[in-house]
2 protein chains.
Amino acid sequence: MATIGDVAKYAGVSRSTVSYALSGNRPIKPETRDRIQQAIQVLGFTANAGARALATSKTWIMGLIVPFTPEEFAPATLGYVLGVSESARDLGYDVLLVTRKEGDSGIARITESGLVDGVILLDVKRHDDRIHSLRMARQPSVLIGIPEDETSMDCVDLDFFAAGRMLVEHLHALGHRAVLFLTLPEQLFEQDLGYAWRFREAVSRTSAQLGMTVHEVAGDSEPEARAREIGAALDRYPDVTALLAHNDGALVDLPMVLQDRNLRVPQDLSVVSLFPERFGRMFSVPYTAIETSATAVAERAVRLLAQRIERPETPAIRELIAPVIIDRGSSALPRQP
Amino acid sequence: MATIGDVAKYAGVSRSTVSYALSGNRPIKPETRDRIQQAIQVLGFTANAGARALATSKTWIMGLIVPFTPEEFAPATLGYVLGVSESARDLGYDVLLVTRKEGDSGIARITESGLVDGVILLDVKRHDDRIHSLRMARQPSVLIGIPEDETSMDCVDLDFFAAGRMLVEHLHALGHRAVLFLTLPEQLFEQDLGYAWRFREAVSRTSAQLGMTVHEVAGDSEPEARAREIGAALDRYPDVTALLAHNDGALVDLPMVLQDRNLRVPQDLSVVSLFPERFGRMFSVPYTAIETSATAVAERAVRLLAQRIERPETPAIRELIAPVIIDRGSSALPRQP
DNA sequence: CTGAAAGCGCTTACAG
DNA sequence: CTGAAAGCGCTTACAG
């Protein structure tokens with residue numbers, strides 16, 4: 001491979017001049033610049049990443065920590081991964097992917113070795129050990145999700161509390177007073193995932209305030225069990241007039257389950273939900289819902305991290321993205337008893 | 001951050017001794033080794049990745065090129081990404097993720113700068129421009145998928161031709177003579193994706209050899225259109241006794257579509273398919289099928305690349321993973337007319 | 001507007 | 001069994 005020395009020799013200048021021409025950090029005489037440009041072309045020169053990182057202490061790589069919990073929903077996760085990657089490239093960064101098996105040690109490894117300039121953490125838990133590793137690191141980090149103790153941590157997320165509240169208020173405004181709430185798989189709560197808890201808390205608090213009855217059904221991650229649970233719950237609570245489904249997997253089976261019981265939407269049962277936008281494009285989920293935009297969240301997170309890398313000392317930011325309901329006509333006035 | 005010099009000073013040895021203790025590349029007196037170990041502990045030393053890469057010309061990073069075609073199926077793609085990441089870590093490598101927007105230039109960027117030791121390419125097309133960039137690179141690469149011209153390229157993939165043939169033969173053996181073949185979204189064929197074409201070709205060739213009639217239905221990527229197409233095709237070809245569905249998105253809607261038409265599986269219609277294993281765990285797809293194991297393919301690809309990185313000159317390998325049918329009882333003798 | 005030189009933090013032949 | 005030194009390929013103060 002051609003080095004900066006080869007380019008310098010070919011262009012008849014010093015290595016420092018080539019370097020400055022590359023970085024634009026000092027004015028170069030136009031003709032000199034042209035000669036250098038040509039030399040670069042001819043020799044096919046690209047600066048060595050390791051050498052540059054060593055000299056500048058900057059790698060232009062962001063670490064992305066993704067646990068890939070098996071119970072989580074692939075299209076959602078993928079949306080974040082893709083969003084982070086594309087946004088990072090827009091700002092000149094590459095993305096190093098660190099997945100589950102390693103857990104905590106992965107963060108230490110990529111930060112302590114100086115492999116990355118910063119870290120984005122996905123699937124933040126309410127009490128997340130990994131945040132300790134992030135605080136120890138000399139590189140900045142941004143969380144996608146909100147932990148219990150967010151002191152001095154930059155966080156970005158959809159406002160899942162507002163989302164839960166909005167959906168309950170939406171049903172309440174239509175006149176619904178008894179709602180079936182299909183939650184995420186229990187494992188996700190056990191894993192202490194912030195968004196799962198915040199959404200559920202919003203639903204239970206808001207419904208309590210508004211005097212609504214909410215029957216919770218723990219959404220399974222296993223398809224057959226899930227369908228059975230939904231059916232059983234509909235039998236158990238004949239008073240419910242609406243279904244609030246926060247379970248991506250279940251949404252796909254829902255049309256079938258409801259049809260099996262001859263329940264028309266929205267005449268017999270209103271259905272509202274929350275799911276990733278990618279999901280709606282891939283499957284038939286004809287329900288009024290809040291669409292979580294991984295792209296928007298990822299983009300904000302990457303921007304924030306890039307800013308932090310440049311100016312580490314500004315105070316931590318918490319950015320909640322306001323949810324928006326897309327009306328697909330699956331909610332209406334409750335059926336008359 | 002502590003450098004190797006700090007460790008050397010603390011342990012009272014030279015930097016080279018610390019380096020050799022780290023690499024194990026020459027014997028070190030046990031007591032010396034212990035002192036060094038302790039110094040590393042106390043100072044919290046981790047070797048700088050850039051410096052090491054510069055000195056050794058090895059980054060321990062594999063590039064993973066993933067186009068993330070929107071028509072493709074998230075669980076499938078995610079399976080490969082996750083599989084590559086985990087397998088790479090097992091061998092000591094990190095993974096740098098390069099996604100669509102950049103396309104071709106991304107490969108040049110990460111190889112020419114020496115950022116990666118090798119590249120894994122996903123979603124290989126039959127005629128894939130990116131392979132040219134890979135051939136130009138000084139680092140080795142492995143394709144997940146088989147291009148038309150695989151000269152001197154390492155390739156790993158599920159044997160999609162064998163898969164298509166197996167499923168057709170399976171139906172033929174049961175006595176089916178007219179089959180509806182629901183293909184992947186047309187866009188994937190237009191994108192020239194190898195696996196889409198190979199599977200389809202296997203289906204059409206095998207059925208021709210066996211004297212079977214195959215009606216193709218172009219699977220849409222848009223959910224509503226897809227369901228309509230399936231229904232229309234079932235009406236159009238009343239002679240079909242079996243459905244061969246190679247369309248992940250459609251599989252989820254299928255139970256509903258078939259129920260709408262009062263078609264029982266397998267009494268009225270046999271259904272066989274091919275889908276990623278992750279998919280079956282997430283959704284209810286009760287069909288006899290070949291399960292594509294992204295994990296297995298990814299693991300082979302990573303191993304192959306690691307070998308290439310160590311010994312670049314051995315001849316190129318093509319590794320096709322034999323498909324296996326999982327019987328879920330959705331195929332039976334054809335209904336009597 | 002440009003060059004010579006030091007330095008980033010490692011590894012590894014060379015020497016003992 | 002260990003050390004001193006050169007070198008990997010960049011960047012950037014220092015000097016002119």
Side-chain angles (χ1 to χ4, degrees), chain A residues 1-37 39-40 43-61 92 109-117 138-139, chain B residues 1-37 39-40 43-61 92 109-117 138-139:
Chain A
M1 284 302 291
T3 72
I4 201 170
D6 300 327
V7 174
K9 202 174 294 172
Y10 191 98
V13 297
S14 73
R15 297 189 306 157
S16 52
T17 301
V18 176
S19 177
Y20 284 117
L22 247 39
S23 66
N25 281 344
R26 81 177 178 194
I28 307 282
K29 206 210 291 183
E31 312 151 49
T32 312
R33 178 189 303 283
D34 290 347
R35 284 212 314 286
I36 292 172
Q37 278 306 338
I40 288 173
L43 302 175
F45 167 78
T46 305
N48 178 282
R52 181 169 275 176
L54 181 57
T56 60
S57 299
K58 171 143 187 175
T59 63
W60 290 98
I61 300 177
R109 185 171 51 74
I110 65 174
T111 55
E112 287 171 8
S113 65
L115 226 188
V116 299
D117 295 333
R138 66 181 194 283
Q139 294 95 337
Chain B
M1 284 302 292
T3 71
I4 201 172
D6 299 328
V7 174
K9 203 174 294 172
Y10 190 98
V13 296
S14 73
R15 298 189 307 157
S16 51
T17 301
V18 175
S19 177
Y20 283 117
L22 246 39
S23 65
N25 280 345
R26 81 178 177 193
I28 307 282
K29 205 210 294 183
E31 312 150 48
T32 312
R33 179 190 302 285
D34 290 347
R35 284 212 314 285
I36 292 173
Q37 278 306 338
I40 289 173
L43 301 175
F45 168 77
T46 306
N48 179 283
R52 181 169 275 175
L54 180 57
T56 60
S57 299
K58 170 143 189 176
T59 64
W60 289 96
I61 299 178
R109 185 171 50 77
I110 65 174
T111 54
E112 287 172 9
S113 64
L115 226 190
V116 299
D117 295 333
R138 68 181 192 285
Q139 294 94 337

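Quick note on labels: first sequence line is chain A, next is B, and so on, each numbered from 1.
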For Arg109(A), salt bridge (Lys or Arg N to Asp or Glu O under 4.0 Å) partners two or more places apart = Glu102(A), Asp94(B)

Heavy-atom closest pair, residues [X] and [Y]:
X	Y	result
Ala21(B)	Ile36(B)	CB-CD1, 3.9 Å
Met1(A)	Glu112(B)	CE-O, 3.5 Å
Ser16(B)	Arg26(B)	OG-NH2, 4.4 Å

Side chains of Ser14(A) and Thr17(A): donor-acceptor distance under 3.5 Å anywhere?
-> yes

Under a 3.5 Å cutoff on both atom distances, Watson-Crick or G-U, what's the dot-bracket for DNA chain C ([ ] crossing, | other strand)?
-> |||.||||||||.|||

Once you round it to whole Å, what is the distance between C1' of dC1(C) and CD1 of Ile36(A)?
-> 11 Å

Figure out the NZ/P separation between Lys9(B) and dG3(D), and round it to whole Å.
-> 14 Å

Each nucleotide of nucleotides 9-16 of chain D classed B (base within 4.0 Å of a protein heavy atom), S (only sugar-phosphate) or -, in 5' to 3' order, makes BBBBBB--

Euclidean distance, Asn48(A) CG relative to Ser57(B) OG, rounded to 0.5 Å | 7.5 Å

Quick one: CG on Leu22(A) to CD on Gln37(A), what's the gap to the nearest 0.5 Å?
-> 8.0 Å

Beyond-backbone contact of Phe45(B) with Asp6(B), side-chain heavy atoms, under 4.5 angstrom = no

